[in-house]
Every structure is written in structure tokens, then in C-alpha cells.
*Asks:* 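My structure is below; once you've seen it, I'll send some questions.
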Number of protein chains: 2
Amino acid sequence: MIRTKALSVRKARGYGPARRMEILNHAMRLIGEHGVQTVSTRQIADAVGISQPSLYAYFPNRQALIEAVCVQAFERLILVMTQVAQTATGLDRLKRLGRAYLMFGFEQPDAYRVGFMIETTGPFDPNQIEPPLLAGLRAYGLHRQALAEHLGPSRTSDEIDRLAQSLWASLHGLVALMIARARFPWAERQALIDTHLDRLLTGL
Amino acid sequence: MIRTKALSVRKARGYGPARRMEILNHAMRLIGEHGVQTVSTRQIADAVGISQPSLYAYFPNRQALIEAVCVQAFERLILVMTQVAQTATGLDRLKRLGRAYLMFGFEQPDAYRVGFMIETTGPFDPNQIEPPLLAGLRAYGLHRQALAEHLGPSRTSDEIDRLAQSLWASLHGLVALMIARARFPWAERQALIDTHLDRLLTGL
DNA sequence: TTTTTAACCTATCAGTGATAGCCCATTGGG
DNA sequence: CCCAATGGGCTATCACTGATAGGTTAAAAA
């Protein structure tokens, strides 16, 4: 992978946050072009026009940088889902939410990959929830809320949790599998999405 | 990660395949202990008791080694699924297959990870199907066949494909998400599995 | 004008996957 | 029985990776 050097002017004092955003935007673009695993910190730094160690003034390590990219991407997913949730109610809302979720995954596979398909490794610190997990929790929360409202107050909380997690997992499964196994002879996408949503929501 | 040196005796001529199996077994164990991403070729070589470059006499690169581990693991999944498929028919068979698939994922998360959650990167060579994709195709084939038999001859092939892929994706989703987001506050596993299978198979 | 410090740099580290090129011991043919 | 062929293995080294140490510069605060 070829890296080209193009220096950026030094940011004035107080403009660190702007630089941070530059880094995130370039990182997002590079990840989209070349994939999460193959993009190196040097490539990102070169794209921004700063030295590689300078990245570490903005992020403690590469993992944190990637997670920040992910969070930025998921702001968009949650925004889309929040808007979609307001356009309908009941089963129709659930269907629109599901479709929005799937489309986000297909249109922004790298964001989705970083958000849900990269495992959070390392020792478990119960005092700190990793940003990607948090983003996932919020997206899940929107599904769960729409499901709870549709099912009505007759179901127990545990029951709703199970159904919402099953639903979310099924949505995730189609996106994740079609991303990870893109060369599989999949059925035509739109028809497959329709079948999937139908199957998941009938009987609820 | 600490590596310890413990030399292995040189294999006699003609015992290359045995050495290859040793490598695969140690690699499988190490991946299970430390995760796919963090296990290095040097750690694997040290565990076997050979030098790191010697691995390249058995596998063209690290990716191929990991894929070979995956294939070995999936032989087991496909064996289990084949056996399970013979114990019942119709909807019950589908349910047992689904449960066997989910249990395999939970009990052998690293095998599952390597098999279905690691993306096959690199340029696409249409003349060569990657081993993990092949393993996935075979596991999918068992689902599809059981589904086709249960649905009867009235459905079109495309329809069966869509339903089978939707079903497979949903199964994959629960395993993949629970592996990738182990710290999420999931519902109790067995109840969640039951709910998931119920939801996926009702209405078929 | 001087001091402080945010923003940045170069040099360097240990670890990674991978390649080049050489040894050594077993084994089959003469 | 000897010896060449070769399968199994080695050391040395490469370019690259993420990360750290420690110094430099320029703009803002005093």
C-alpha cells in the first residue's frame, strides 16, 4: 500500500478538536477504501498530513481511534433510526426500523463492520463500557422500545427482552453474513430483505 | 504474550503430514486460549517446537493456516449437523439442526469466529473458492435441504433459497452477536435460544 | 516582552508476517 | 554398503506494524 506525503499546516493553539475531526474523517474514508484491518496508523497520519506519533496526542491507541470512527458512524445510524421511528407506529414502525437497519449495514459496511463485527478484546473493565457496545445498546434500545409498544403491556420485561434480542440478532445476522461472505451466491438483495423482514415480523 | 522454547525432535522423512496436524492442533488450542487476532506465527511455531519459517513449508501464509484450522473445526460442525439431520424429519429436524448450529457456535466460539466472522480479504479469484466459504456452503446446504423437504415441492427454488438464507442468517446473527458483544446484558441463554428458534420456525 | 504550553516532530523500539539461502539426516538406487 | 537426492529444518534478515521517549516550535497568556 503506497503512502504519499503531503504536509498539513500546523494547527493553531486551541484547534486540536478540529484536527481530531480531520483524523476521524480521513480514517473513515481510508477504512472504507481499504478495510479496517489493512489501514495502518501511518497511512492515516500521512493522509492527514501529520506524523504517525502525532495521532497518539488525540487517541491513546489505534483501537481507540477505530472505536471513535465507529461511534461517529453509529451516530448516523441512530439518527436515521430515530427519524424512521417517528414516521409510523406498531408493526409498520418495526418493519421500517428493520429495513433502515439493514440498509445502513449494506450501504456503510465498514461502519457496520467496525461497530458490530470487530470484537472488543482485552481484559474486561466493568467500570467502563466500550463506545461500540454503547452504540449497539442504543440501536438495540430503539428496536426494543418499538417492539414493547407494539406488543402492549401484557408481556413481561424478560419476554420483551428475548423477543427484541432475537429480532436484533436476526437483523444483524443478515448484514454480517452478507458482509463477511460477500462471495456467497446470495438471493437477490431486495427480495431477500423483504423475505427476511416478513419472516421476522409475522406472528408478533 | 510470553513464548517458551521447547524443541521438538525432527520428523523423519515422510512424516510431514503428522507435523502438519501438530501445527493445526496447537494453532487451534492457542486461538481458543488467546483469540485469532493475537496469536502470532511465532507463538504457534514455538508451541509446536519448530522455527517460525518452518510453518511456511506447510502453509503458504498465515491466512491459509488459519483457514485450515477453520476447516478442521467445521468438519466437526458438519458431522454433528449431518448426524442430527438423521434423527428427525420436518419441522422437528429443522429445529434440531438450528439448535445444533447455535450450540456449536457457543461451545466453539473460536472455530465459529474463524469460520464465519473473519472476512476473506484480498482480490477475488473466481477460480478458487476459499475453504471457509466452502464450509459455510456445506452447512448452509444442510439447512436448505431440510427446509426444502419440509416445505414440499410447491415452492420455487428461489423462494426456498430466500427462506433458507433468511433462516441461516438469523441463526448466524445470534451466535455472531453474542460472541462479538459478549458483555451485552443478554437474556438467559437457553431461554433466548428457545425464543429464537420458536420465532424462526413458526409460520414455516 | 517573556513565559507557558498546545501542537508537532525525529528517532527508535519490540513484535509481526514473510523470504532467502543454507544445513542435515534419512532413504532408495547402484 | 555407499552415496546422492531430498524432505525437514534452520538462521539471518526484510519491510512493516503499533507504540514510546524526548526534543522543538509557535501562538496565546501574563
Side-chain angles (χ1 to χ4, degrees), chain A residues 1-24 26-27 30-31 34-69 114 118-122, chain B residues 1-24 26-27 30-31 34-69 114 118-122:
Chain A
M1 187 155 301
I2 292 157
R3 285 180 281 124
T4 55
K5 196 86 173 184
L7 283 184
S8 168
V9 291
R10 180 201 188 103
K11 286 291 187 230
R13 192 185 285 205
Y15 283 76
R19 186 63 104 188
R20 191 188 142 96
M21 284 305 299
E22 277 182 33
I23 296 170
L24 286 179
H26 276 102
L30 286 172
I31 288 172
H34 307 112
V36 174
Q37 304 294 338
T38 59
V39 169
S40 70
T41 54
R42 279 172 178 80
Q43 289 169 41
I44 296 169
D46 282 355
V48 177
I50 59 179
S51 72
Q52 179 252 359
S54 291
L55 294 177
Y56 291 80
Y58 300 96
F59 306 94
N61 51 45
R62 189 197 126 104
Q63 171 75 10
L65 199 169
I66 301 293
E67 285 184 0
V69 172
V114 174
I118 304 285
E119 289 179 62
T120 55
T121 56
Chain B
M1 188 155 299
I2 291 157
R3 285 179 281 123
T4 56
K5 195 86 175 185
L7 284 183
S8 169
V9 292
R10 182 200 187 104
K11 286 290 187 236
R13 194 183 284 208
Y15 282 76
R19 185 63 105 189
R20 191 188 144 95
M21 283 306 298
E22 276 183 33
I23 295 170
L24 286 179
H26 277 103
L30 285 172
I31 288 172
H34 307 111
V36 174
Q37 303 293 339
T38 59
V39 170
S40 69
T41 54
R42 280 171 178 81
Q43 288 170 40
I44 296 170
D46 281 357
V48 178
I50 59 178
S51 72
Q52 180 251 358
S54 291
L55 294 178
Y56 291 81
Y58 300 96
F59 306 94
N61 50 44
R62 188 197 124 105
Q63 171 76 9
L65 199 168
I66 300 293
E67 284 185 1
V69 171
V114 174
I118 304 286
E119 288 179 61
T120 55
T121 57

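Letters A, B, ... mirror the listed sequences (proteins, then strands); counts begin at 1.
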*Asks:* Taking the side chain of B:Arg19 as heavy atoms from C-beta outward, which of C:dC8, D:dG9, D:dG18 is closest to it?
*Replies:*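 The listed nucleotide nearest to B:Arg19's side chain is D:dG9.
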
*Asks:* B:Leu55 and B:Thr41: which non-hydrogen atoms are nearest, and at how many Å?
*Replies:*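 Scanning both residues, the minimum pair turns out to be CD1-O, 3.3 Å.
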
*Asks:* Given atom CZ of B:Phe59 and atom C1' of C:dG17, what is their separation to the nearest angstrom?
*Replies:*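 From B:Phe59 CZ to C:dG17 C1': 15 Å.
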
*Asks:* Once hydrogens and angles are ignored, does a donor-acceptor distance under 3.5 Å link the base of D:dG18 to the side chain of A:Arg42?
*Replies:*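 Result: at least one qualifying N/O pair found.
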
*Asks:* What is the distance, to the nearest angstrom, from the CD1 atom on B:Ile44 to the P atom on C:dG15?
*Replies:*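 In whole Å, C:dG15 P lies 17 Å from B:Ile44 CD1.
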
*Asks:* Could you check whether B:Tyr58 gets within reach of a base, just the sugar-phosphate, or nothing at all, counting any heavy atom under 4.0 Å?
*Replies:*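 Sugar-phosphate contact only.
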
*Asks:* To the nearest angstrom, how far is A:Asp46 atom CG from D:dC16 atom P?
*Replies:*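 For the pair A:Asp46 CG and D:dC16 P, the rounded distance is 12 Å.
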
*Asks:* Nearest to the B:Gln52 side chain among D:dG18, C:dT16, C:dA18, which nucleotide is it?
*Replies:*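 In terms of side-chain proximity for B:Gln52, the closest of D:dG18, C:dT16, C:dA18 is C:dA18.
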
*Asks:* Are side-chain heavy atoms of A:Ile66 and A:Val39 found at a separation under 4.5 Å?
*Replies:*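 The answer is no, as the side chains (C-beta and beyond) never meet within the 4.5 Å cut-off.
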
*Asks:* Atom OH in A:Tyr58, atom CG in A:Leu65: separation rounded to 0.5 Å?
*Replies:*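 A:Tyr58 OH to A:Leu65 CG: 12.0 Å, rounded to 0.5 Å.
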
*Asks:* Between B:Phe59 and B:Val69, is any pair of side-chain heavy atoms under 4.5 Å apart?
*Replies:*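 No, side chains not in contact.
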
*Asks:* From CZ of B:Arg62 over to P of C:dA18, roughly how many Å is that when rounded to an integer?
*Replies:*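 For the pair B:Arg62 CZ and C:dA18 P, the rounded distance is 8 Å.
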
*Asks:* A:Gln63 CD to D:dT17 C1': how many Å, rounded?
*Replies:*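 Those two atoms, CD and C1', are 15 Å apart.
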
*Asks:* A:Leu55 has an atom CG; how far is it from atom C1' of D:dT20, in whole Å?
*Replies:*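 After rounding, the gap between these two atoms is 14 Å.
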
*Asks:* Without decimals, in angstroms, what is the distance between A:Gln37 CD and C:dT16 P?
*Replies:*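 Roughly 16 Å, once rounded to whole Å.
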
*Asks:* Considering only side-chain heavy atoms of B:Ser54, which listed nucleotide, D:dG9, C:dG17, D:dA21, is closest?
*Replies:*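 In terms of side-chain proximity for B:Ser54, the closest of D:dG9, C:dG17, D:dA21 is D:dG9.
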
*Asks:* For A:Asn61 and C:dC13, what is the distance between atoms CG and C1' respectively, to the nearest whole Å?
*Replies:*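 Distance check: A:Asn61 CG to C:dC13 C1' gives 17 Å.
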
*Asks:* Has A:Gln43 got a side-chain N or O lying under 4.0 Å from the OP1 or OP2 atom of D:dT17?
*Replies:*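 So the side chain of A:Gln43 is within the cut-off, an N or O lying under 4.0 Å from OP1 or OP2 of D:dT17.
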
*Asks:* At under 4.0 Å, does any side-chain N or O of B:Ser51 touch on OP1 or OP2 of D:dG9?
*Replies:*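 Result: no.
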
